[in-house]
Amino acid sequence: MTTKYETVIGLEVHVQLNTESKIFCGCSTEFGKEPNENTCPVCLGLPGTLPVLNKKVVDYAIMAGLALNCDIAEYSKFDRKNYFYPDLPKAYQISQFDLPVAENGEIEIETEAGIFNIGVTRVHLEEDAGKLIHEGSIDKSKGSLVDYNRTGVPLIEIVSEPDMRTPAQAKAYLTELKMIMEYLDISDCNMEEGSLRCDANVSLRPVGQEEFGIKAELKNMNSFSAVEKGLEYEVKRQQGLLDEGKKVVQETRTWDESLNKTISMRGKEEAHDYRYFPEPDLVPLEIDAAWKEEMRKEIPELPREKYKRFIFELGLPEYDAGVLTGDKDLSVFFEEVLSDYDDPKNLSNWMMGEFLRLLNENSHSPFESGVSPINLAKMLKMIDQDIISGKIAKEVFEKMYNSGKDPETIVEEEGLKQISDQDELDNIVDAIIEDNPEAVEDVENGKERAIGFLVGQVMKETRGKANPGLVNQMLRDKLMN
Amino acid sequence: MIDKKDVEYAAGLAQLKLDEEEKEKYTEQIGEILNYVDKLSELDTDDVVPTAYTVPMKNVLREDQVKESLLREKSLANAPDEKDGHFRAPKIMSD
């Protein structure tokens, strides 16, 4: 990339809140039901119906606002955003225009290039629209099938300041937002299922120029990698135009995953004039200090704070801290084990090694495996106390994972206890010495490495159960004196 | 003041088709209404906080509880067209 231009990116992120019922009616928000099963006169927009706001939706929006370091509005209201589209049965979306629930926040993100603060302009509440299935492609279809199950599912829209300068920063910001929402437990944040959606405004300007360049709005980026790839493509495209002395056209562009490029939606979209006005069917919200404080208490330690604590208080490497706090359940699991076991680095090694390997292989989340935090703590203590060897522990761990049994039972049932009894090992060690005259000679001639070979033979003979340190010592005593 | 262009624009947004006679008529009528309402701007409102809502009520909320939805047959009963449990809308994009 040349350094002639500076990229400016702002993101608009929609987050579906995981309430039981919709924002303005009692219909279920359950995903995957038959089309139009979760509908009623309110969310179908039938005449004469009235919306009633779900309290939990406001609770969640306040939590999100606080977690993003926003000011929470003392007075907030809803507005109608008017447009015609079949996914919107009322021909308007209930949203918030000038008095959103939260404003003026910021979050800290980290990329390979360093740590950055990204401003959060606002967090506002709105209802989701329905889902359209076009008969044929969107521009050639004769009609569209409409499923209103998603209509009225609560959303928050989080609008960032145009503070990001690289696609990598945008990805890091989106990742941080997702983690925060997951830690708050207010959304499933599944981009593939659409519970987290991201649009981006992208523009380029000559380095040193204060005024923003002409922006394109990017839509339809349905995964984290699509966000990064879509933005990278768009930056290159605009740079090409500017280099040729052409102008960027202000327009909406859609990311096409299969073509790996962004495509203009110009002409396929009508110019919007939403004519916002206050929603007369909903009374205003007043959020007092008590309500705000009640919600503040619901906010757990957030990923960034936890990440720093894992590094500075537990002494974990940045990489470990990043992996462990990158998934809320993984961090909870880690801390539950830690309440019974006090070697964070050793625990981290096990979790990032064997545990993550098995979780990934089985597509499990941390609490779906047979390993409970208490049992993992027990197993690690058994290693530390020389009851089992580290090697045998891997076998024990896999058995715990698959059976849900505790490690003591497995070690007992399978006879996996480490042999640390010198008398028991004596015959085996003697037999190995007997069977390997060459190696023995090497040892006697001072070749240290041959000891390792002999220890290995004893381990093999005992199927990994011998205490390797003890065997090493015994061999030395027998051969080197 | 509003002119015919404003009426055509507003009619377009509302997806209304007006003939020339209607456009003239509505331009005049809407103009009269706006002139009438305009009288309010004679009032000095410098020290008045803009009103977002006129009824003295706030925080009307319900608990997050699922209630039974409509039977799908009923939801679809008023639809002019339906297919496979969906509402069917005419094509969206104009040529």
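Chain letters run A, B, ... following the sequence lines, proteins first and then strands; every chain starts at 1.
Contact annotation for A:Tyr148: only side-chain heavy atoms (C-beta onward) come within less than 4.5 Å of a heavy atom of chain B. Neither the backbone nor the side chain of A:Val42 comes within contact range of chain B; no heavy atoms are under 4.5 Å apart. Contact of A:Glu30 with chain B is not made at all, since no heavy-atom distance falls under 4.5 Å. Of the two parts of A:Cys25, only the backbone, made up of N, CA, C and O, holds a non-hydrogen atom closer than 4.5 Å to a non-hydrogen atom of chain B. Residue A:Tyr75 touches chain B through its side chain alone, counting heavy-atom pairs closer than 4.5 Å. When heavy atoms are compared at a cutoff of 4.5 Å, A:Pro278 approaches chain B solely by way of its side chain, counted from C-beta outward. For A:Pro280, the part lying under 4.5 angstrom from a heavy atom of chain B is the backbone only. Residue A:Lys55 touches chain B through both its backbone and its side chain, counting heavy-atom pairs closer than 4.5 Å.
Side chains of B:Tyr53 and A:Lys77 form no contact here, defined as non-hydrogen atoms less than 4.5 Å apart. The shortest side-chain heavy-atom distance between A:Leu44 and B:Ser75 falls under the 4.5 Å cut-off. For the pair B:Lys58 and A:Leu285, the minimum side-chain heavy-atom distance is 4.5 Å or more. Here the side chains of A:Asp273 and B:Tyr9 are in contact, with some heavy-atom distance below 4.5 Å.
The CD1 atom of A:Ile133 sits 10.0 Å away from the NZ atom of B:Lys83 when rounded to the nearest 0.5 Å. Atoms CZ and CG, from B:Phe87 and A:Leu145 in turn, are 11.5 Å apart once rounded to the nearest 0.5 Å. Remark: A:Cys40 SG to B:Glu68 CD distance equals 11.5 Å, nearest 0.5 Å. One distance of note links CD of B:Glu63 with OG1 of A:Thr19; it measures 12.5 Å at 0.5 Å rounding. Expressed to the nearest 0.5 Å, how far CD of A:Glu20 lies from NZ of B:Lys67 amounts to 15.0 Å.
Closest of all the heavy-atom pairs between A:Pro35 and B:Asp84 is CG-O, 4.1 Å.
The local environment of CD in A:Glu294 is crowded, with over 12 non-hydrogen atoms from other residues, nucleotides or ligands closer than 6.0 Å. At most 12 heavy atoms of other shown residues, nucleotides or ligands fall within 6.0 angstrom of atom NZ in A:Lys56. Within 6.0 Å of CD on A:Glu74 lie no more than 12 heavy atoms contributed by other residues, nucleotides or ligands. For B:Lys23, the NZ atom is densely surrounded, since the number of other residues' heavy atoms within 6.0 Å is greater than 12.
Residue with the most contacts toward chain B among A:Ile287, A:Val146, A:Asn38: A:Val146 (heavy-atom pairs, distance under 4.5 Å). Of the listed residues B:Leu71, B:Val66, B:Thr54, the one with more heavy-atom pairs under 4.5 angstrom with chain A than any other is B:Val66. Among A:Pro41, A:Cys43, A:Pro89, A:Ala91, the residue with the largest count of heavy-atom pairs under 4.5 Å with chain B is A:Pro41.
At a cut-off of 3.5 Å, with distance as the only test, a side-chain donor of B:Arg62 or A:Ser21 sits close to an acceptor on the other residue. Looking only at atom types and distance, the side chain of A:Thr39 has no donor-acceptor partner in the side chain of B:Ser69 under 3.5 Å away.
At distances below 3.5 Å, at least one donor-acceptor pair connects side-chain atoms of A:Asn36 with backbone N or O atoms of B:Gly85.
Across B:Leu61, B:Val60, B:Asn59, a single residue satisfies side chain to side chain contact (heavy atoms under 4.5 Å, CB included) together with A:Leu53, and that is B:Leu61.
We find that B:Arg72 and A:Glu37 are not joined by a salt bridge, their nearest charged nitrogen and carboxylate oxygen being 4.0 Å or further apart.
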